[in-house]
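Below is one structure; the comments refer to it alone.
Just so we're clear, the structure is a prediction, and the values are computed from it rather than from any experiment. Below, each value reflects all heavy atoms present in this structure, side chains not excepted, and no hydrogens, waters or symmetry copies.
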Amino acid sequence: MWRSALLLVMLTLPLCHTTKAQCVVWWNVENLFDCQHDSLKDDYEFLPEGTYHWTKSRYWKKLDNLSRTIAAIAGDDAWPMIVGMGEVENDTVLRDLTLRSPLRRARYSYVHEEGPDKRGVDVAMLYDSLQFHLLGHKAIRIPSEEHGFSPTRDILQAWGVCPTLSDTLYIIIAHLPSRAGSGMKGEMHRRLVVATLCSMLDELEGKSVMLMGDFNAEPNDRIFRSIEERLTSLMPQSKRELRQAKGTYYFRKMWGYIDHFFVSPNMLSSVKGKVSVGQFPFLLTDKGTPWRTFQGPVYKGGISDHLPIWVDLLSK
C-alpha cells in the first residue's frame, strides 16, 4: 500500500522548485550494492549467494525506499536540488535509482567516480539540472597507500550555478574511514583525509563552498579543528543542543551526529534555519532507532543505518 501512496505523492510533485529555497541533502544510504559481481572489487558479500544474501527483490525494495525518503524530504514543495550520498557501489545503482525507480519522476542526473575502496563503495551526488547547472566535477584521491594505509574513498568535488547564489557553488562530499576497531592508525588515516580536504579548501578560499558527508566523528571532535578554520559547521555544537537532539546515527545504545554540513563564511546568509534530520516514522524502528537494512549479516528489511540531513538555501 505504501508504494502506491509513494507513487501518488511523487506524481503530484512539480518537476522543479517554485519557491525561493533550494534543498541540499546528505545521506549515507548503507551499502547500496547491486546484485552482480565486479571483478575489481571485493563485493562477494552482496551477491545472492553471499553472506548478506543480497537478492534483486531486496535491492529493488531498497531503491523504492530511498525514493520514498527523498519524496518525503521534498514534501509539498519539490525535489531537493542536490542529494549527496554515501556507500554507493557504482553507476549501475545510480542509474537504476534515477531512471528505473519511482524517483525517475524527479529526472535527476548524477555525478560519480569509481574509487579505490576495496569493497567498492563511493560517494556520489544526484542533482536537479533545472535547479543546478553542473559546470564540472572531479574526484580527489587520498594518498592512503603512500602512507601505509588501505585505500579509502575518494573525495568528490562538483561545481555549478544555481539561482540561490550569485557565484559558482562548490559542493564537496566526503566519507571518512570508520573509527570502529581502527585505533591510532585509523586516527592517523582520518587526519590524512582531513589534510587532503583542507588543501582542497585552501584552493577554494573566497568561493561559495558546501561540505557534506559522514565524518565518523561527533561535533567538537578535534578532527574538525582545521576544517573549522576554513568553514562554519551547521550542526549542533553546544552540549545543551547535543543533549536535546537525537542525531543521525545510533550505535551502542547512543545517538550521535556523525553526518555533517559545513559552509564557507560567505554562504551563512544564504542558509535558511538549522539543519533538518529525517526522523520520518518509516525510517525508524518501533524503538525509534534507524531502521537498518542489515544488522551484521542479518537482513532487517530497513532503509539505512543513518538518517538523512538537509539544509535549505535562500536566494539573495
4.5 Å side-chain heavy-atom contact, Leu231 and Leu201: yes
Under 3.5 Å: donor-acceptor pair, side chain of Trp79, backbone of Leu103: no
Distance (rounded to the nearest 0.5 Å) between Arg58 CZ and Cys35 SG: 10.0 Å
Of Tyr250, Phe251, Trp255, Tyr249, the residue whose pairing with His306 passes ring-ring contact (aromatic ring centres under 6.0 Å, His included): Tyr249
Side chain to side chain, Tyr52 and Glu45, heavy atoms closer than 4.5 Å: yes
Arg153 side-chain N/O to Leu176 backbone N/O, donor-acceptor pair under 3.5 Å: yes
Minimum heavy-atom distance between Met125 and Ala158, given as atom pair plus value: CE-CB, 3.8 Å
Whether Arg107 side chain and Leu99 backbone form a donor-acceptor pair below 3.5 Å: no
Residues forming a ring-ring contact (aromatic ring centres under 6.0 Å, His included) with Tyr110, sequence neighbours excluded: none
Heavy-atom check, side chain of Leu268 versus side chain of Val263, under 4.5 Å: yes
Residue pair Ile73 / Pro80: nearest heavy atoms and the distance that separates them: CG2-CG, 4.1 Å
Spacing of CD1 belonging to Ile303 relative to CG belonging to Asn65, to within rounding of 0.5 Å: 4.0 Å
Centroid separation Phe215 to His175 less than 6.0 Å: no
Ser276 and Ile309, any side-chain heavy atoms less than 4.5 Å apart: no
Short side-chain to backbone donor-acceptor contact, Thr293 and Gly302, under 3.5 Å: yes
Flag side-chain contact, heavy atom, 4.5 Å: Ile227 against Val194: yes
Gap between atom NZ of Lys118 and atom CG of Asp43 - 0.5 Å precision: 14.5 Å
Short side-chain donor-acceptor distance under 3.5 Å, Ser101 and Ser67: yes
Spatial distance of atom CG (Leu156) from atom NZ (Lys138) [nearest 0.5 Å]: 11.0 Å
Exam field: side chain Lys62 to backbone Val29, donor-acceptor pair closer than 3.5 Å: yes
Pairs satisfying side-chain hydrogen bond (donor to acceptor under 3.5 Å, both in side chains), at least one member in residues 191-207, at least two apart: Asp202-Arg230
Under 3.5 Å: donor-acceptor pair, side chain of His147, backbone of Pro143: yes
Polar side-chain atom of Ser304 near backbone of Asn28 as donor-acceptor pair, under 3.5 Å: yes
Centroid separation Phe46 to Tyr59 less than 6.0 Å: no
Approximate separation, where rounding is to 0.5 Å, of Tyr257 OH and Glu218 CD: 10.0 Å
Stepwise side-chain contact (heavy atoms from CB on, under 4.5 Å) test for Leu134 and Ser129: CA-CA 7 Å; Leu134 182 71; Ser129 58; over 6 Å; no
Under the side chain to side chain donor-acceptor pair (under 3.5 Å) test, residues paired with Asp221 that sit two or more places apart: Arg179
Minimum heavy-atom distance Arg190-Glu187, with the two atoms named: NH2-OE1, 2.9 Å
Over 12 non-hydrogen atoms of neighbours within 6.0 angstrom of CD in Gln36: no
Distance-only polar pair, side chains of Asn90 and Asp38, donor-acceptor under 3.5 Å: no
Distance-only donor-acceptor check, side chains His189 and Ser144, under 3.5 Å: yes
Close side-chain approach of Met200 and Ile172, heavy atoms under 4.5 Å: yes
Met210 and Leu169: CA distance, side-chain angles, deciding distance, side-chain contact (heavy atoms from CB on, under 4.5 Å) verdict: CA-CA 8 Å; Met210 289 194 74; Leu169 173 61; 4.0 Å; yes
Nearest non-hydrogen partners of Glu87 and Glu30, listed with the distance: OE1-CA, 3.3 Å
Which residues share a ring-ring contact (aromatic ring centres under 6.0 Å, His included) with Tyr299, sequence neighbours left out: Phe294
Side-chain heavy-atom pair Ile173, Val111 within 4.5 angstrom cut-off: no
Test item: side-chain donor near acceptor, Asp167 and Ser208, under 3.5 Å: yes
Derivation of the side-chain contact (heavy atoms from CB on, under 4.5 Å) call for Val209 and Ile171: CA-CA 6 Å; Val209 178; Ile171 301 291; over 6 Å; no
Test side chain to side chain donor-acceptor pair (under 3.5 Å) applied to Asp122 - qualifying residues, sequence neighbours left out: His112
Polar side chain donor-acceptor pair, Trp26 to Asp259, under 3.5 angstrom: yes
Shortest non-hydrogen contact between Glu228 and Ser233, atoms and distance: OE2-CB, 3.6 Å
Trp54 (side chain) donor-acceptor with Phe33 (main chain) under 3.5 angstrom: yes
Donor-acceptor side-chain pairing of Glu113 and His137 below 3.5 angstrom: yes
Pairs flagged by salt bridge (Lys or Arg N to Asp or Glu O under 4.0 Å) wherever residues 141-152 is involved - sequence neighbours left out: Arg141-Asp154
Lys185 side chain vs Gly148 backbone, donor-acceptor pair below 3.5 Å: yes
Atom of Gly278, atom of Leu283 and distance for their closest heavy-atom approach: O-CD1, 3.1 Å
Heavy-atom check, side chain of Val25 versus side chain of Ile70, under 4.5 Å: no
Residues Arg95, Asp91; criterion salt bridge (Lys or Arg N to Asp or Glu O under 4.0 Å); working and verdict: CA-CA 6 Å; Arg95 186 168 59 250; Asp91 279 358; 5.5 Å; no
Worked verdict on Leu94 versus Tyr108 for side-chain contact (heavy atoms from CB on, under 4.5 Å): CA-CA 10 Å; Leu94 293 168; Tyr108 277 119; over 6 Å; no
Gap separating the CE atom of Met81 from the CZ atom of Phe132, nearest 0.5 angstrom: 6.5 Å
Joint hydrophobic cluster, Leu32 plus Tyr44, side-chain heavy atoms closer than 4.5 Å: no
